Asks: 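Take a look at the following structure, please.
Nothing here was measured: the structure is a model prediction, and the numbers come from that model. Index from 1, following the sequence. Counting starts at 1 for both ligands and their atoms, following the listed order.
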Amino acid sequence: MASHFGNPEERLKPFLSLGFSSRAIHGGQHPDPVTGAVMPPIYQNSTYAQSEAGKPIGEFEYSRTHNPTRRVLEDALALLENGTFGLAMSSGMAATSLLISLFQPGDEIVCCDDVYGGTYRLFTKVLEAQGYKFRFVDLSDVGQIEQSITQNTKLVWLETPTNPLLKLIDIRKVAARAKAVGAKVVVDNTFMSPYFQKPLDLGADFVLHSLTKYINGHSDVVGGAIITRDKVAAERLYFLQNSIGAVLGPFDSWLVVRSIKTLPVRMKAHGESAQLLAEWLEKHPKVEKVIYPGLKSHPQHTLAREQMSGFGGMLSFYLKGGLAEAQAVLRKVKVFTLAESLGGVESLIEHPAIMTHASVPQHIREKNGIADSFLRVSVGLEDLADLKKDLDEAFS
Ligand code: P1T
C-alpha cells in the first residue's frame, strides 16, 4: 500500500513478535536516524521542502496529510490493538465523525442504548438531521442482537462496557450476526483500553478510542483514534482523515506516545484498585448498589471474564437517597475531583445525569437507570486507603 500513509504493514513487521508491554514501549519507534535520540522527536511543523514541484525531499509533504510524530502514534496504536492501520484524530468525537463518514446518509446504524452523552448528541442532534438512521437497542440483551441487526443495518456501534451503566455486550455474537447480514462493527474501547480488551481479535471491524482517557492517562491531551485491519476501509479512512482534517497535532501525538509506555502498568493498577473499591462500596451502608464488571453481582460477570482480561478502572454506584445526598457527596470529596472525563492517574467522580449524559433526554436516562442518586467514578492511582477515607467522609 503506497500513498501518503506509506506502508503500515511493512512498518509494523519489526514489532509483531513483541508482547503487549514491549509494544507499548517500542511500538512504531526506532532511534532517530539523524541524532540517535531514543525518544521520537516532535516534528512540530506544518510543511516539508520539495526539490522540484511534486517531489518532496523526504517522505512527507504537509502535516495534515501525514506527520512523522503522528505516524509513530498511529503505528503504536495499531500494534496495541492487534490491528494494522491506525488514525489519530483531534478528539474522540472527531474519530467518531471520521468513522461515520465511511457511511452515507440514509444508512441504518444500530447503536447500543447506553453510550457517552456526546456520542448520543452527535448521532441524534447532528447526524440524524443529515439523514443517518440510528436505532438504539439494548444489545447487552443477547436476544436483541439477532432481532435488531438486519439486512438493512450497515454499521453496529458498541460501547462495552457502556458509559456510564457498565453494561457488557458480547462482541463475538454481535460480530457474527453483523457478518451474516453484511454490516460492519465498531467497538468504542475507551473504557477498557487494549490492555484489557481487544475487539479486533473478537471479530470487530474497527476499534475507536478517546485517547483523552486511559491511553493518554494524564488528563492533559484531548485526542481520538480509529484502528482497523480492513485495508479497503483504511484507504478510505486515510483519504477522509486528510480531507476532513481534524488530525492530532505533533505535540499531542508525542505526549500520547510517551504515555502509552506506561499503559500496561497503569491499567493493572487501575483495575486492582477499582476491584477493591467496588468490593468495599458494595458493603457500605450508604450505598444502594454498585456496578463493576469485576463483581460477582454484575449480571454479566461471566461475559466479562470471557471477553476481557481484566475489569478496568471505571465503576458506578447508586447512593441511598436522591439528588440532595448525591450533591452532598460531590461537594465534600477532597481526594476525588468532581469532573467530567476519566482514565487519568487522578480519581474523578461525576454525576452523569447532570454532567456527561445531560444530552440524553430525561425519559431515556430514567428508563436506562441514570438516576439522580447515580454516580460514576474513575478510580485513579492514589493510595486506596485515601480513596476509601475520602468517600467514607463524604458519605457521612
Ligand atoms: O472527549 P473526547 O476525546 O472527544 O471523547 C469522546 C468519548 C468517546 N467515547 C467514550 C466512551 C467517551 O467516554 C468519550 C468522552 N467521555 C467523557 C468525557 C466522559 O466523561 O464520559
Asks: Any heavy-atom pair between the side chains of Leu237 and Phe85 that's under 4.5 Å?
Replies: no
Asks: Look at ligand 1 and say whether Gly118 reaches it with a heavy atom at a distance under 4.0 Å.
Replies: no
Asks: Which part of Glu159 is near ligand 1, with near meaning a heavy atom under 4.0 Å away: side chain, backbone, both or neither?
Replies: side chain
Asks: Give me the residue, atom name and distance of the protein heavy atom closest to atom 5 (O) of ligand 1.
Replies: Ser210 OG, 3.1 Å
Asks: Suppose I only count heavy atoms of Gly92 and a 4.0 Å limit; which atoms of ligand 1 are within that range?
Replies: 2 (P), 3 (O), 4 (O), 5 (O)
Asks: Ring-plane angle category for Trp280 and Phe395, please: parallel below 30°, perpendicular beyond 60°, tilted otherwise.
Replies: parallel
Asks: Does Leu381 sit in a hydrophobic cluster with other residues, and if so which ones, taking ILVMFWY side chains as linked at heavy-atom separations under 4.5 Å, directly or through other members?
Replies: Val345
Asks: Does at least one non-hydrogen atom of His209 fall below 4.0 angstrom from an atom of ligand 1?
Replies: no
Asks: So, does Lys213 sit close enough to ligand 1 that a heavy atom of it is under 4.0 Å from the ligand?
Replies: yes
Asks: Taking a cutoff of less than 4.0 Å between a non-hydrogen atom of the residue and any ligand atom, is Gly117 in contact with ligand 1?
Replies: no
Asks: Around atom 3 (O) of ligand 1, find the nearest protein heavy atom and jot down its residue, atom name and distance.
Replies: Thr212 OG1, 2.6 Å
Asks: Using the test salt bridge (Lys or Arg N to Asp or Glu O under 4.0 Å), find all partners of Lys167 that sit at least two apart in sequence or belong to another chain.
Replies: Asp113, Asp138
Asks: Do Asn67 and Tyr48 get their side chains close enough for a donor-acceptor pair, meaning under 3.5 Å?
Replies: yes
Asks: Hey, what's the ring geometry for Phe15 with His30, parallel, tilted or perpendicular (30° and 60° as the breaks)?
Replies: tilted
Asks: Would you say the ring centers of Tyr132 and Phe123 fall short of 6.0 Å from each other?
Replies: no
Asks: Suppose we measure from atom 11 (C) of ligand 1 to each protein heavy atom; which comes out shortest, and what is that distance?
Replies: Asp188 OD2, 3.3 Å
Asks: Do any nitrogen or oxygen atoms of Tyr116 come within less than 3.5 Å of a nitrogen or oxygen of ligand 1?
Replies: no
Asks: What residue and atom, counting heavy atoms only, is the protein's closest point to atom 21 (O) of ligand 1, and at what distance?
Replies: Arg376 NH1, 2.8 Å
Asks: Parallel under 30°, tilted from 30 to 60°, perpendicular over 60°: which one fits the rings of Phe136 and Phe134?
Replies: parallel
Asks: Give the atom numbers and elements of ligand 1 that come within less than 4.0 Å of a heavy atom of Gly223.
Replies: 3 (O)
Asks: Look at the side chain of Thr212 and the backbone N and O of Gly223, then say whether any donor-acceptor pair between them is shorter than 3.5 Å.
Replies: yes
Asks: Can you tell me which residue and heavy atom of the protein come closest to atom 13 (O) of ligand 1, and the distance to 0.1 Å?
Replies: Asn163 ND2, 3.0 Å
